[in-house]
Amino acid sequence: SGPSVAIVGVTGAVGQEFLSVLSDRDFPYRSLKLLASKRSAGKSVSYQDRTFTVQELTADSFDDVDIALFSAGGSISKQFGPIAVDKGAIVVDNSSAFRMVDGVPLVIPEVNPEAMDGIKVGKKKGALIANPNCSTIICLMAATPLHRHAKVTRMVVSTYQAASGAAAAAMHELELQTREVLEGKPPTCNIFKQQYAFNLFSHNAPVLGNGYNEEEMKMVKETRKIWNDMNVKVTATCIRVPVMRAHAESVNLQFEKPLDELSILEKSRADCNRDMRGSVIQIEAKTGISEDTAREILKAAPGVVVIDDRTSNHFPTPLEVSSKDDVAVGRIRQDVSQEGNHGLDIFVCGDQVRKGAALNAVQIAELLL
Ligand code: 2RA
């Protein structure tokens with residue numbers, strides 16, 4: 001009785017993770033269709049005690065599909081997404097093709113489920129929902145619970161992005177290069193045209209006219225759409241680092257009002273002293289963003305785990321979050337560089353393939369049921 005589900009791009013890293021997540025979460029599909037390019041058609045995939053045959057993606061692939069999970073690149077989404085919608089499927093698209101299109105929901109289920117706009121299987125025939133970029137998802141999973149308590153007016157993000165973001169081939173090349181370098185051989189550089197092992201470099205996305213690369217502008221634009229706030233100031237620097245499948249991100253937040261010092265701030269303003277000349281001395285109330293409050297908010301946040309042990313210097317790491325659902329947050333501390341301490345610095349790690357792509361998309365699909 002459940003929905004018929006199609007996976008587009010099933011042989012890719014995210015496509016494979018779709019299968020893992022659907023299985024882990026016992027997604028109640030009635031039927032499952034595995035779609036990929038002609039090159040992969042005919043391959044057998046054993047899954048949940050059954051053997052599936054990968055079918056070639058064509059315009060006729062969606063006749064009986066209720067939910068289509070896409071992760072085969074932007075051009076495939078642009079070509080086949082609208083076809084699937086016309087056939088009545090609800091598309092959850094992991095590519096960037098439609099994310100910034102007005103009217104297309106851009107959804108992180110724990111953050112802005114209301115953006116789903118009530119779309120449900122059976123209730124609405126044909127729709128497209130966009131999965132945000134992985135680095136945006138991982139950042140906002142931690143930043144949003146804080147933003148909900150005290151409006152974020154500015155966010156500065158530095159990312160340390162894993163190989164998996166550049167597909168499985170990049171993961172394989174990182175492993176190959178690491179072996180080659182250790183054996184004193186010249187590294188094989190097919191994916192990034194420069195050495196990746198024991199190195200890091202500015203994200204490989206194209207650089208735009210403003211000097212930002214596409215990955216950084218995705219963080220800026222997607223944050224504004226997901227928070228429905230065109231005024232929040234966001235800047236990002238995205239770096240590719242030699243880590244397999246989990247992104248790490250340093251996030252600095254500036255709040256419009258203190259998380260929990262607002263009453264003190266207002267009270268102190270009301271109790272201003274007057275100096276000898278009778279002018280008002282603005283008492284600089286302690287308006288610091290309470291680290292403890294931030295920590296409690298993050299501990300209560302869905303899909304987030306706090307790893308913040310200063311004594312043992314134990315904070316989130318990519319390896320610790322790899323293949324896991326939750327995003328890990330630590331290094332929670334007041335930003336000493338901001339006046340009145342209206343700032344917070346945090347450090348976030350999340351699995352790029354899972355919560356950064358496949359898990360988020362399947363959670364969106366669960367909201368369609
Ligand atoms: C990356 N965000 O990590 C991309 C993957 N879509 O390169």
Side-chain angles (χ1 to χ4, degrees), residues 7-18 21 69-78 81 92-100 104 106-108 129-143 157-174 189-194 196 199-208 212-223 225-226 234-251 318 321-323 327 348-362 364:
I7 296 179
V8 177
V10 70
T11 56
V14 175
Q16 290 293 297
E17 198 72 22
F18 280 144
V21 173
L69 304 175
F70 273 64
S71 189
S75 53
I76 293 292
S77 290
K78 280 178 185 160
V92 182
D93 180 19
N94 187 46
S95 85
S96 58
F98 301 98
R99 288 179 187 149
M100 299 315 295
V104 170
L106 182 64
V107 180
I108 305 171
I129 299 162
N131 214 35
N133 195 32
C134 46
S135 35
T136 305
I137 292 172
I138 290 163
C139 175
L140 297 190
M141 278 293 289
V157 189
S158 297
T159 72
Y160 313 92
Q161 299 187 217
S164 57
M171 298 169 81
H172 297 146
E173 185 155 293
L174 175 56
C189 300
N190 295 327
I191 308 287
F192 295 124
K193 308 304 175 208
Q194 60 188 329
Y196 187 12
N199 195 14
L200 59 81
F201 44 84
S202 179
H203 190 283
N204 46 287
V207 181
L208 305 165
Y212 282 68
N213 60 46
E214 286 179 358
E215 193 77 356
E216 291 155 352
M217 290 313 295
K218 285 173 185 174
M219 183 76 77
V220 176
K221 293 177 178 174
E222 292 175 22
T223 297
K225 180 168 178 176
I226 291 165
V234 180
T235 188
T237 301
C238 295
I239 303 294
R240 185 74 72 190
V241 298
V243 166
M244 274 301 168
R245 60 173 286 159
H247 288 347
E249 306 189 21
S250 166
V251 183
V321 299
S322 290
S323 299
V327 163
V348 192
C349 287
D351 186 294
Q352 183 270 334
V353 191
R354 208 160 170 94
K355 184 55 190 171
L359 171 62
N360 199 77
V362 171
I364 289 172

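Atoms within a ligand are numbered from 1 in the order they appear, just like the ligands themselves. Just so you know, these numbers use all the heavy atoms, side chains as well, and skip hydrogens, waters and symmetry mates.
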With no hydrogens and no angle check, is any side-chain donor or acceptor of N213 less than 3.5 Å from a backbone partner on E216? yes
Go through the structure and list residues passing side chain to side chain donor-acceptor pair (under 3.5 Å) with Y160, not counting sequence neighbours. none
Which residues pass the side chain to side chain donor-acceptor pair (under 3.5 Å) test with D351, not counting sequence neighbours? R245
When every non-hydrogen atom of I226 is compared with those of I108, the smallest separation belongs to CD1-CD1, 4.0 Å
Looking only at atom types and distance, does a side-chain atom of R240 sit under 3.5 Å from a main-chain N or O of A162, one as donor and one as acceptor? yes
Residue contacts for ligand 1, heavy atom to ligand atom, distance under 4.0 Å: N133, C134, Q161, G165, H203, E215, R240, H247, Q352
By side-chain contact (heavy atoms from CB on, under 4.5 Å) - contacts of S71 (at least two apart): V14, F18, N94
